[in-house]
Amino acid sequence: MGSTENYRRHRLLIFVTIYCGYSCFYFCRKTFSFVLPNITKEDPLDKDSLGLIASSMMVAYAISKFIGGILSDSQSSRLLFVTGLSLVGLVNIVFAQTDGPLIYASLWFINGLAQGLGWPACGKLIKMWYAPYELGTYWSVLSTSMNVAGTAGPLLASSLSGVYGWRSTMSGAGCVAVGLATLSFFLIKDKPSDCGYEVSHTPKKSPSTDSGSSSFSARALLGDPFLWSLCGIYFVVYSVKTASCDWGQLFLIEELGLEPVVASSFLSATEFGGLFGSLAGGFLSDKLVAMAAPSNYGSPRLRVMIGCLFICLVSLHTLVFVSHQITYIPLLLLISGAIGFTTYASICILGILGTECSPPNISGSIHAIIALAANCGGFMAGLPVAMVAKYHGWTGAFFVLELAILVTIPIAILANTLDNRIGQAVKAKQS
C-alpha cells in the first residue's frame, strides 16, 4: 500500500484534472451562446433557428446524461470522461467550419450527446476517491468548475471573437478540449486500487439491495410525492438558469440597446454569482442540518432553497420591469449575479437532497430521474422560450420565467411538509 501522503497527492492530481476537464466540457457546451452576437452579425439567424439550436443541445444532453448515469455504474469513468471530452472538442472544431441553422442544430445535438458523459463520470470518480464525510465538500467544489468556465467564458470568447473571429475561437476551444482529453487519459484512474492503494470508499452492500427490494423501490418511485416535487422544482430552476445564461445577452442587446461586450458581462456576472451560490448552498444547508433534529419530513435544506427562490423571483421581476430604467451597469450586474447565486444554490441543494434522501440501492436511478427533469427544463429554455420571445419580445420571455418561479415557491413549501424517504414512504403506507 502506498503512503497516505502519496495517496492524497494522487487524488488531488485526479481532482485537478477532472476540474479542468469539466470546466472545458462546460465552456464547449456554451461556446455557441458565448459567440452568439458575433454569429448573428455574420449570419442573421431568426429566433426559431436560435431556439432550435439551443433545444437540440438540451434534448441530446437530457438523453445522454440519463444514459451516462447508468453507464457510469458498469463502465470505466476514465474512458467515459475522455471519450466525452474528445467528442465535444471535435464537434466544436467541425461547427466552426460549417454554415446553416440545420447543420448547426445537428452538430449541437451531437455535442449534447457527448456532454452527458462528463458529469456522471466525475461523480463516480469523486465517490471512489473521497470518503463519505468529504463527498459533499468536494462535490460542491467540483460543481464550481462550471461557474469558473461560465464566468471567464463570455468575456474570453467575446474578446477573442472580436480579434480572431468566432470560428477561430470555437476551433481553439475544441483543440484545448482534445488536448485535455488526451492528458486525462494518462492522469485519471478509476479507483485507488488501480494505483495500488488499498482504500475503498464504496459502502458495503446491505440486505436492502436485493432484487426484490430494488424492484419494489422502482415501483414506489412512481407514487412518491417528494421525488416529483423535487423534479418539478428542478425543472423550473434549471429552465430559469439556462434561459438566463443563453438569452440574457440578447435581452440586454435587443431590449436595452447595450453593446455586445457589455451584455456579455451579464452572463459572466450570472456565472460568478453561481460560483458562490454553489458553495453557499451546500455550506449553509449543512449548517442547518447539523442544528436540526432528525426528521422524516421535509429538510432544513429546503428552507435555504425557498429563500433562494424568493430572491430569484425579486431579481427576475427587477430585470423584467425595472431594468429599462436602469442606466447604472453595476446594478444590472448585481441583478444577474443574484439570479446566478440563487439558481445554482438551488441546483446544488436539489442534487444533495436527491442523494441523501434515497436508499443506497436506488440512488443512481433517483439521481438520473431528477437530472432528466432538469434537462427537460433546459430544453424548455431553448425553442419554447425563443418562440415566446418571437411574439412577445425578450421581456415577455423573461416574464414567463418569473411566473414559473412564482408557481414553484408554493411547491417547495409543500415539499417541506412531505415524507422525505424517497421510494420508502409509499412502502411504509402499504405495509
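Quick caveat: nothing in here was measured; it's all calculated off a predicted structure.
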J.: How long is the gap from CD1 on I14 to NZ on K189, to the nearest 0.5 Å?
T.: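 If we round to the nearest 0.5 Å, I14:CD1 and K189:NZ are 8.5 Å apart.
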J.: May I ask you to test the L353-I370 pair for a side-chain heavy-atom distance under 4.5 Å?
T.: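 L353 vs I370: side chains apart.
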J.: Report the residue from I411, L350, L418 that forms a side chain to side chain contact (heavy atoms under 4.5 Å, CB included) with L230.
T.: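 Of I411, L350, L418, side chain to side chain contact (heavy atoms under 4.5 Å, CB included) with L230 is met by L350 alone.
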J.: Looking only at side-chain N and O atoms, does E271 offer a donor or acceptor that is under 3.5 Å from a partner on Y344?
T.: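 There is such a pair (donor and acceptor under 3.5 Å, judged by atom type) between the side chains of Y344 and E271.
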J.: I need the minimum non-hydrogen distance between A96 and S171, along with the two atoms involved.
T.: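 Closest pair (atom of A96, atom of S171, distance): CB-OG, 3.2 Å.
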J.: Quick one: sort the F95 and W108 rings into parallel, tilted or perpendicular, breaks at 30° and 60°.
T.: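 It falls in the tilted class, 30° to 60°.
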J.: Measure the shortest side-chain to side-chain distance between Y26 and S145 over non-hydrogen atoms and say whether it is less than 4.5 angstrom.
T.: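 They are not in side-chain contact.
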J.: May I ask you to decide if the ring planes of Y19 and F15 are parallel, tilted or perpendicular, using 30° and 60° as cut-offs?
T.: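 Geometry flag for F15 against Y19: tilted rings.
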J.: Just to verify, what does S49 make a side chain to side chain donor-acceptor pair (under 3.5 Å) with, not counting sequence neighbours?
T.: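 Here the qualifying residues are D46.
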J.: Report the distance from atom CG of L319 to atom CG of L401, rounding to the nearest 0.5 Å.
T.: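 Reported value, rounded in 0.5 Å steps: 9.5 Å.
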J.: When the aromatic ring centroids of Y61 and F379 are compared, is their separation below 6.0 Å?
T.: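 No - the distance between ring centres of Y61 and F379 does not fall below the 6.0 Å cut-off.
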J.: Quick check: does any side chain N or O of T144 sit under 3.5 Å from a backbone N or O of V141, one acting as donor and the other as acceptor?
T.: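 A pair under 3.5 Å: yes.
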J.: Hey, mind stepping through C122 and L142 against side-chain contact (heavy atoms from CB on, under 4.5 Å) and telling me if it holds?
T.: CA-CA 9 Å; C122 289; L142 181 60; 3.7 Å; yes
J.: Looking only at heavy atoms, what is the nearest atom pair of K65 and P120, with distance?
T.: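 The answer is O-CG, 4.0 Å.
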J.: I'd like to know whether CZ of F272 has more than 12 heavy-atom contacts from other residues, nucleotides or ligands below 6.0 angstrom.
T.: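 Check fails, neighbour count at 12 or below.
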J.: Kindly say whether G112 contributes a backbone atom to a donor-acceptor pair with the side chain of S64 at under 3.5 angstrom?
T.: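 Checked: pair present.
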J.: I need the I110 CD1 to L90 CG distance, nearest 0.5 Å.
T.: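 Nearest 0.5 Å value for the CD1-CG distance: 10.5 Å.
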J.: Please answer whether the main-chain N or O of C28 pairs with a side-chain N or O of T31 as donor and acceptor at a distance below 3.5 Å.
T.: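 At least one qualifying donor-acceptor pair exists.
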J.: Do M305 and L302 come within less than 4.5 Å of each other through their side chains, counting heavy atoms only?
T.: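 Yes; the side chains approach each other to less than 4.5 Å.
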J.: Compare every heavy atom of I349 with every heavy atom of G281, then report the nearest pair and how far apart it is.
T.: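 G281 and I349 have their closest heavy atoms at O-CG1, 3.7 Å.
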J.: How far apart are the closest heavy atoms of C312 and V240, and which atoms are they?
T.: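 Scanning both residues, the minimum pair turns out to be SG-CG1, 4.3 Å.
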J.: Are the side chains of L160 and L156 in touch, meaning some heavy atoms are under 4.5 Å apart?
T.: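 Yes, side chains in contact.
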J.: Could you check V88, L180, I18 and say which one makes a side chain to side chain contact (heavy atoms under 4.5 Å, CB included) with F25?
T.: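 It is V88, the one option of V88, L180, I18 that forms the side chain to side chain contact (heavy atoms under 4.5 Å, CB included) with F25.
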J.: Run the side-chain contact (heavy atoms from CB on, under 4.5 Å) check on L403 and F399 step by step: do they pass?
T.: CA-CA 6 Å; L403 292 178; F399 178 60; 3.7 Å; yes
J.: If only atom types and distance count, is the side chain of S168 paired as donor or acceptor with the main-chain N or O of G165 below 3.5 Å?
T.: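 No.
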J.: At what distance, to the nearest 0.5 angstrom, does CD1 of I405 lie from NE2 of H317?
T.: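 The CD1 atom of I405 sits 14.5 Å away from the NE2 atom of H317.
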J.: Please confirm whether the backbone N or O of R301 pairs with a side-chain atom of S285, one donor and one acceptor, at under 3.5 Å?
T.: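 It does not hold such a pair.
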J.: Among L183, L125, L79, exactly one meets side chain to side chain contact (heavy atoms under 4.5 Å, CB included) together with I188. Which residue is that?
T.: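 When L183, L125, L79 are each tested with I188, the side chain to side chain contact (heavy atoms under 4.5 Å, CB included) holds only for L125.
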J.: Taking the side chain as everything from C-beta on, heavy atoms only, tell me whether S315 gets closer than 4.5 Å to T342.
T.: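 When only atoms from C-beta onward are counted, T342 and S315 do not touch, as no gap falls below 4.5 Å.
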J.: Evaluate side-chain contact (heavy atoms from CB on, under 4.5 Å) for S140 paired with C348, printing each intermediate quantity in order.
T.: CA-CA 7 Å; S140 296; C348 177; 4.0 Å; yes
J.: Within the distance-only criterion (no hydrogens, no angle test), does the side chain of S56 pair as donor or acceptor with the backbone N or O of I53 below 3.5 angstrom?
T.: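 Indeed, once roles are kept as given, a pair shorter than 3.5 Å links the two residues.
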J.: Which heavy atom of T408 sits nearest to which heavy atom of A404, and what is that distance?
T.: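 Closest approach of T408 to A404, heavy atoms only: OG1-O, 2.7 Å.
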J.: Measure across F34 and A157 and return the closest heavy-atom pair with its distance rounded to 0.1 Å.
T.: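 So the two residues come closest at CB-CB, 3.6 Å.
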J.: Nearest 0.5 angstrom please: S143 OG to L275 CG, how far?
T.: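 One finds 8.0 Å between OG of S143 and CG of L275.
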J.: Where the side chain of W119 meets the backbone of Y22, is there a donor-acceptor pair that is under 3.5 Å apart?
T.: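 Side chain of W119 to backbone of Y22, a donor-acceptor pair under 3.5 Å: no, none is there.
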J.: If I take atom CG from residue L372 and atom SG from residue C376, how far apart are they, to the nearest 0.5 angstrom?
T.: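 Here the rounded value is 4.5 Å.
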J.: Determine whether M128 and D190 make a side-chain contact, defined as any pair of heavy atoms from C-beta on separated by less than 4.5 Å.
T.: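 The answer is no; the side chains never approach within 4.5 Å.
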J.: Restricting to pairs with a member in residues 235-257, which pass ring-ring contact (aromatic ring centres under 6.0 Å, His included), not counting sequence neighbours?
T.: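 Those involving residues 235-257 are W247-W394, F251-F398.
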J.: So do F321 and E402 actually touch side chain to side chain, heavy atoms under 4.5 Å?
T.: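 They are in contact (side-chain heavy atoms under 4.5 Å apart), so the answer is yes.
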J.: Quick one, T242 with K30, criterion side-chain contact (heavy atoms from CB on, under 4.5 Å). Give me CA distance, side-chain angles, the key distance, then yes/no.
T.: CA-CA 10 Å; T242 304; K30 292 295 183 180; 4.2 Å; yes
J.: Report yes or no: does N375 contribute a side-chain atom to a donor-acceptor pair with the main-chain N or O of G378 at less than 3.5 Å?
T.: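 No; zero donor-acceptor contacts below 3.5 Å.
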J.: Determine whether I347 and K241 make a side-chain contact, defined as any pair of heavy atoms from C-beta on separated by less than 4.5 Å.
T.: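 They are in side-chain contact.
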J.: With sequence neighbours excluded, tell me which residues meet salt bridge (charged side-chain N to carboxylate O under 4.0 Å, His left out) with R167.
T.: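 With sequence neighbours excluded, R167 shows a salt bridge (charged side-chain N to carboxylate O under 4.0 Å, His left out) to E42, D99, given in chain and number order.
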